[in-house]
Amino acid sequence: MNDKLVINRAQIENTLTSCAPDAVAVREVLAKARQLQGLDPEDVCVLAALEDPELLEELYDTARWLKETIYGRRLVLFAPLYISNLCANECLYCAFRASNKEVRRKALNQEEIADETRALIEQGHKRMLLVAGESYPVEGFDYILKSIETVYRTKQGRGEIRRVNANIAPLTTDEFAQLKQAGIGTYQLFQETYDAKVYAEMHRAGRKVDYEWRINAMDRAMTAGIDDVGIGVLFGLADWRFEILALMQHIRWLEQRFGVGPHTISVPRLEPASGSDIAAHPPFPVNDTDFKKLVAILRLTVPYTGIIMSTRETPAMRRETFALGVSQISAGSRTNPGGYARQNDYESQFSLGDHRDLDEVVRDVAELGYIPSFCTACYRLGRTGRDFMDLAKPGEIKKHCDPNALSTFQEFLIDYASPETRAVGEKLISKTLEQMEAPARGLVQSMIKRICEDERDVFV
Ligand code: SAM
Ligand code: SF4
């Protein structure tokens with residue numbers, strides 16, 4: 001076996017040219033998906049090629065059923081924190097690329113990071129994704145470690161950030177070990193495109209030109225002991241069908257090597273970015289129908305892997321894809337350093353599709369019947385990697401994730417929600433409790449009672 005992941009392009013092209021999406025084949029694949037064991041590349045190809053509206057509805061129905069069966073009606077919420085837009089790379093689609101003179105450069109100092117953290121805590125956030133360009137101030141990689149420490153140390157009122165994930169440039173194995181030591185939750189990194197030729201065209205200078213250094217980053221992270229990793233594709237750079245089959249090869253590779261695949265998959269679509277022609281005119285734009293289709297396909301393909309949807313998408317698209325399989329969303333996001341506390345005008349990394357604050361998103365999500373969750377229990381109890389995947393089976397999720405979602409939601413409603421959101425949320429909690437069966441209902445009732453009696457951070 002190779003000790004480095006190599007995407008097998010010929011195999012993908014062969015699969016893509018040999019599948020026929022007739023109704024019988026599609027329905028066979030959908031029946032297979034209902035066994036909750038995932039799908040093979042040939043199955044994915046059948047679904048990716050289908051266009052018949054009736055079959056498309058059947059695909060969506062299956063994705064909705066699967067989402068509901070495995071994840072129930074929870075949606076985990078987080079916010080990104082952009083600590084720096086310094087970058088030595090030349091990614092043609094990104095506003096932070098080194099040569100872009102339209103962006104004024106800023107790396108937040110530790111005091112500013114604490115201010116940003118306080119602003120996020122005041123909104124009610126408990127989970128943060130730390131984001132940076134690929135170039136650090138004088139202290140180098142220590143800047144990242146110090147920033148994580150600052151976030152965990154910062155308290156505001158009764159709140160704190162309980163889980164810090166990071167989306168930063170690939171590290172050496174030794175640096176990943178330090179990142180783990182700093183208490184990182186998930187390490188997230190998008191390959192952008194798995195098509196090596198397109199990758200070379202899009203990345204013109206800096207460390208990121210090295211496709212292999214990037215594609216093997218998760219192996220180094222997992223070798224260093226980080227067992228929750230998040231992968232993703234920047235959709236719009238190459239054919240999305242190719243990308244999801246390549247993504248599957250990446251997933252299988254990690255499963256074979258480490259006994260567990262990625263914790264999450266992110267599905268960013270290219271958004272306009274200052275000074276970028278590519279971002280304004282993606283070479284392979286993914287239209288809304290294909291985007292929903294690809295989310296549904298991913299849901300069926302890797303049933304137990306979280307799917308993350310960011311505020312790049314509009315509220316309408318986010319609502320539609322919650323039902324199809326999204327399990328985590330960002331909310332109230334700013335993509336410029338200092339964007340939360342100072343409302344400053346440093347340029348953003350890309351345009352947002354959803355500008356609403358956390359309270360509004362929570363209310364909207366709750367009105368749709370989803371339970372906003374701020375849970376960080378698994379990570380703090382050491383239920384990560386393989387242990388998390390063992391837990392992520394339908395019955396187990398009901399025992400842990402649903403109670404924790406409801407207790408963290410109740411905590412949010414008391415400490416941070418507007419009266420309007422609190423009313424919507426409490427109605428949802430009562431309704432959810434009515435529908436729960438014993439013993440789960442008793443457990444949740446006692447957890448909520450503890451929160452109402454002023455205890456915080458109650459989880460199982
Ligand atoms: N600098 C690190 C890197 O490139 O991996 C991490 C942070 S980078 C700010 C996070 C992600 O933003 C990138 O991986 C890329 O997928 C995404 N991104 C960059 N430009 C974008 C755009 N115009 N629209 C949507 N997403 C974009
Ligand atoms: Fe820098 Fe990341 Fe933007 Fe590329 S995507 S220019 S590496 S911040």
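Both counts, for ligands and for their atoms, begin at 1 and track the order of listing.
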Visitor: How far is atom 20 (N) of ligand 1 from the closest protein heavy atom, and which atom is that?
Guide: Tyr93 CD1, 3.4 Å
Visitor: Is Asp364 salt-bridged to Arg318, cutoff N-O under 4.0 Å?
Guide: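 No salt bridge links Asp364 with Arg318.
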Visitor: Look up atom CG in Asp354 and atom CE in Met317, then write down how far apart they are to the nearest 0.5 Å.
Guide: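 The CE atom of Met317 is 13.0 Å from CG of Asp354, to the nearest 0.5 Å.
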Visitor: Give the minimum heavy-atom separation between Thr376 and Arg127, together with the two atoms involved.
Guide: CG2-CG, 3.6 Å
Visitor: Return the closest protein heavy atom for atom 24 (N) of ligand 1 as residue, atom name and distance.
Guide: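 Answer for atom 24 (N) of ligand 1: Glu271 N, 2.9 Å.
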Visitor: Identify, by atom number and element, the atoms of ligand 1 in contact range of Val131, meaning under 4.0 Å from any of its heavy atoms.
Guide: 7 (C), 9 (C)
Visitor: Considering non-hydrogen atoms only, spot the tightest contact between Gln349 and Tyr82 and give its length.
Guide: OE1-OH, 2.7 Å
Visitor: Ring-plane angle category for Tyr136 and Tyr143, please: parallel below 30°, perpendicular beyond 60°, tilted otherwise.
Guide: tilted
Visitor: I want to know whether Phe291 and Phe235 have ring centres closer than 6.0 Å.
Guide: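 Ring centres of Phe235 and Phe291 not closer than 6.0 Å.
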Visitor: Counting only heavy atoms, which portion of Ser276 has something under 4.0 Å from ligand 1: side chain, backbone, both, or neither?
Guide: neither
Visitor: Classify the ring geometry between Phe412 and Tyr416 as parallel (under 30°), tilted (30 to 60°) or perpendicular (over 60°).
Guide: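 Correct class here is tilted.
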Visitor: Any salt bridge between Glu411 and Arg162, counting N to O under 4.0 Å?
Guide: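 A salt bridge is present here (some side-chain N lies under 4.0 Å from a carboxylate O).
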Visitor: What protein heavy atom sits nearest atom 3 (C) of ligand 1, and how far off is it?
Guide: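 Residue, atom and distance for the closest contact: Arg214 NH2, 3.5 Å.
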Visitor: Over 60° means perpendicular and under 30° means parallel, so tell me whether Tyr211 and Tyr199 are parallel, tilted or perpendicular.
Guide: perpendicular
Visitor: Measure Asn167 to ligand 1 on non-hydrogen atoms and call it side chain, backbone, both or neither using the 4.0 Å cut-off.
Guide: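 Both backbone and side chain.
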Visitor: Considering only NZ, NE, NH1 and NH2 on the basic side and carboxylate oxygens on the acidic side, decide whether Arg163 and Asp228 come within less than 4.0 Å.
Guide: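 The answer is yes: the pair qualifies as a salt bridge.
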Visitor: Nearest to atom 27 (C) of ligand 1, what protein heavy atom do you find, and at what distance?
Guide: Phe350 CD2, 3.7 Å
Visitor: Could you check atom 19 (C) of ligand 1 against the protein and tell me its nearest heavy-atom contact, residue, atom and distance included?
Guide: Gln349 NE2, 3.0 Å
Visitor: Considering only heavy atoms of Ala273, which atoms of ligand 1 have at least one such atom less than 4.0 Å away?
Guide: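 Answer for ligand 1: 23 (N).
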Visitor: Tell me if a side-chain donor or acceptor on Arg269 pairs with a main-chain N or O of Val286 at a distance below 3.5 Å.
Guide: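 Answer holds: yes.
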Visitor: Salt-bridge test for Glu149 and Lys146: reply yes if a basic N is under 4.0 Å from a carboxylate O, no otherwise.
Guide: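 Salt bridge: no.
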Visitor: Under a 4.0 angstrom heavy-atom cut-off, which atoms of ligand 1 come close to Leu189?
Guide: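 The atoms of ligand 1 under 4.0 Å from a heavy atom of Leu189 are 5 (O).
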Visitor: Out of Asp43, Val46, Leu47, which one pairs with Leu30 under the side-chain contact (heavy atoms from CB on, under 4.5 Å) rule?
Guide: Leu47
Visitor: So which protein heavy atom does atom 25 (C) of ligand 1 come closest to, and at what separation?
Guide: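 Checking every protein heavy atom, the shortest distance to atom 25 (C) of ligand 1 gives Arg312 NE, 3.1 Å.
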Visitor: Give a yes/no on ligand 1: does Ala132 have at least one heavy atom closer than 4.0 angstrom to it?
Guide: yes
Visitor: Which protein non-hydrogen atom lies closest to atom 4 (O) of ligand 1, naming both residue and atom, and how far is it?
Guide: Lys208 NZ, 2.8 Å
Visitor: Sort by chain and number the protein N/O/S atoms found under 2.8 Å from atom 3 (Fe) of ligand 2.
Guide: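 Metal shell, protein only: Cys94 SG.
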Visitor: In terms of residue, atom name and distance, what is the protein heavy atom nearest to atom 16 (O) of ligand 1?
Guide: Glu192 OE1, 2.5 Å
Visitor: Nearest protein heavy-atom contact for atom 5 (S) of ligand 2: which residue, which atom, what distance?
Guide: Lys208 NZ, 3.4 Å
Visitor: Is the His250-Tyr194 ring centre distance short of 6.0 angstrom?
Guide: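 Yes, close enough.
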Visitor: May I ask you to check if ligand 1 and Tyr82 share an N or O to N or O distance below 3.5 Å?
Guide: no
Visitor: Is the closest basic N to carboxylate O distance between Arg73 and Glu68 below 4.0 Å?
Guide: yes
Visitor: Quick test of your reading of the model: are Arg9 and Glu13 salt-bridged, counting only N-O distances below 4.0 Å?
Guide: yes
Visitor: Of the backbone atoms (N, CA, C, O) and the side-chain heavy atoms from C-beta on, which set of Asn89 has a member under 4.0 Å from an atom of ligand 1: side chain, backbone, both, or neither?
Guide: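 Neither part.
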Visitor: Out of all atoms in ligand 1, which are within 4.0 Å of some heavy atom of Leu270? Include the element for each.
Guide: 22 (C), 23 (N), 24 (N)
Visitor: Of the backbone atoms (N, CA, C, O) and the side-chain heavy atoms from C-beta on, which set of Cys94 has a member under 4.0 Å from an atom of ligand 1: side chain, backbone, both, or neither?
Guide: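 Looking at Cys94 and ligand 1, atoms from backbone and side chain both fall under 4.0 Å.
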Visitor: May I ask you to check if ligand 1 and Leu234 share an N or O to N or O distance below 3.5 Å?
Guide: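 No.
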